[in-house]
Amino acid sequence: DAALSSEDKIFVCGTGALGLFNNIGHGIKGSAVEFSGKPNIYIDAAHDGVHASSTIRIAEGAYYIKNAKDAFGAGRDPKPEKEGHHGEIYVSGGNITIEKCAENAFQAKDAIEAGSNVSAYISVYGNTVLTLKDNFSAMEPFNADTGMVDLYNMATFRYPEGTHMP
């Protein structure tokens, strides 16, 4: 259900370019996904552009996510018989453009682990440039369920008038 998928962690490193297209599922899906080394990533996907069961880390690079439900989604809802993972997203730099997404630019989900609620977390900081273009009106830039969203020292945040901010 993903153009690039692994049951384990996915590391995307280097300065090359990667284009992924999936009209029925995720662009990239792994237990955790980490980007480093200034890659150029283009994803056109129907579900999440990048999905991780636990953590997404973005250090540098250029990212263009289009037509996704959520551009970056971390965590999974627990099944009644199984404990789930809470989501964490860390962005410490890069140029990210999100276009025509339906629900969230960044979504980290809460989960129940060992009988207690574990909250999601989203952190965007450093030299990050985030641009939101032509997204659906109900789209939220940042959704961390009952968890926390930290936005600090961002270089630029461009979004259309009327976009809901945390």
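For the atom pair K69 NZ and Q107 CD, the distance stands at 6.5 Å (nearest 0.5 Å). Taken to the nearest 0.5 Å, the NE2 atom of H51 stands 8.0 Å off from the CD1 atom of I56. Note that OG of S92 and CD of E60 are 7.5 Å apart. Values are rounded to the nearest 0.5 Å. Rounding to the nearest 0.5 Å gives a distance of 7.0 Å between CD of E88 and CZ of R57.
Checked by atom type and distance alone, the side chain of D145 never pairs as donor or acceptor with a backbone atom of A120 at under 3.5 Å. Side-chain atoms of T128 come within 3.5 Å of backbone N or O of Y125 as a donor-acceptor pair.
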Pair up each side-chain donor or acceptor in residues 13-28 with any protein partner under 3.5 Å, not counting sequence neighbours, and list the distances.
| from | atom 1 | to | atom 2 | distance (Å) |
| --- | --- | --- | --- | --- |
| N22 | OD1 | I24 | N | 3.0 |
| N22 | OD1 | G25 | N | 3.1 |
| N22 | ND2 | H26 | O | 3.0 |
| H26 | ND1 | D48 | N | 3.1 |

Determine all donor-acceptor pairs shorter than 3.5 Å in which one atom belongs to a side chain in residues 33-47; sequence neighbours excluded.
| from | atom 1 | to | atom 2 | distance (Å) |
| --- | --- | --- | --- | --- |
| D44 | OD1 | N67 | ND2 | 3.2 |
| D44 | OD2 | N67 | ND2 | 3.2 |

*Go through F72 and V91 one step at a time and tell me if the side chain to side chain contact (heavy atoms under 4.5 Å, CB included) criterion holds.*
CA-CA 11 Å; F72 297 90; V91 181; over 6 Å; no
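Sorted pairs that involve residues 7-20 and meet salt bridge (Lys or Arg N to Asp or Glu O under 4.0 Å), not counting sequence neighbours, are lacking altogether. Contacts classified as salt bridge (Lys or Arg N to Asp or Glu O under 4.0 Å) and involving residues 17-33 (residues at least two apart or in different chains) are given here: D1-K29. Among residues at least two apart or in separate chains, there is no salt bridge (Lys or Arg N to Asp or Glu O under 4.0 Å) pair with a member in residues 16-25.
Shortest non-hydrogen contact noted between V149 and A144 is CG2-CB, 3.8 Å. Across A105 and P141, no two heavy atoms sit closer than the pair CB-O, 3.1 Å. The heavy-atom pair separating A108 from G87 by the smallest distance is CB-O, 3.5 Å. Of all heavy-atom pairs spanning A32 and A52, the tightest one is CA-CB, 3.8 Å. Closest approach of S54 to A74, counting heavy atoms only: O-CB, 3.6 Å.
Between F106 and D70 the shortest side-chain heavy-atom distance does not fall below 4.5 Å. Side-chain atoms of D150 and F142, non-hydrogen and from C-beta on, never get closer than 4.5 Å to each other. T131 is not listed as a side-chain neighbour of I96, based on a closest heavy-atom distance of 4.5 Å or more. Two residues are said to be in side-chain contact when any heavy atoms from C-beta on lie closer than 4.5 Å; N95 and Y63 fail this criterion.
Counting side-chain heavy-atom gaps under 4.5 Å among Ile, Leu, Val, Met, Phe, Trp and Tyr, the cluster of M148 also holds Y90, Y121.
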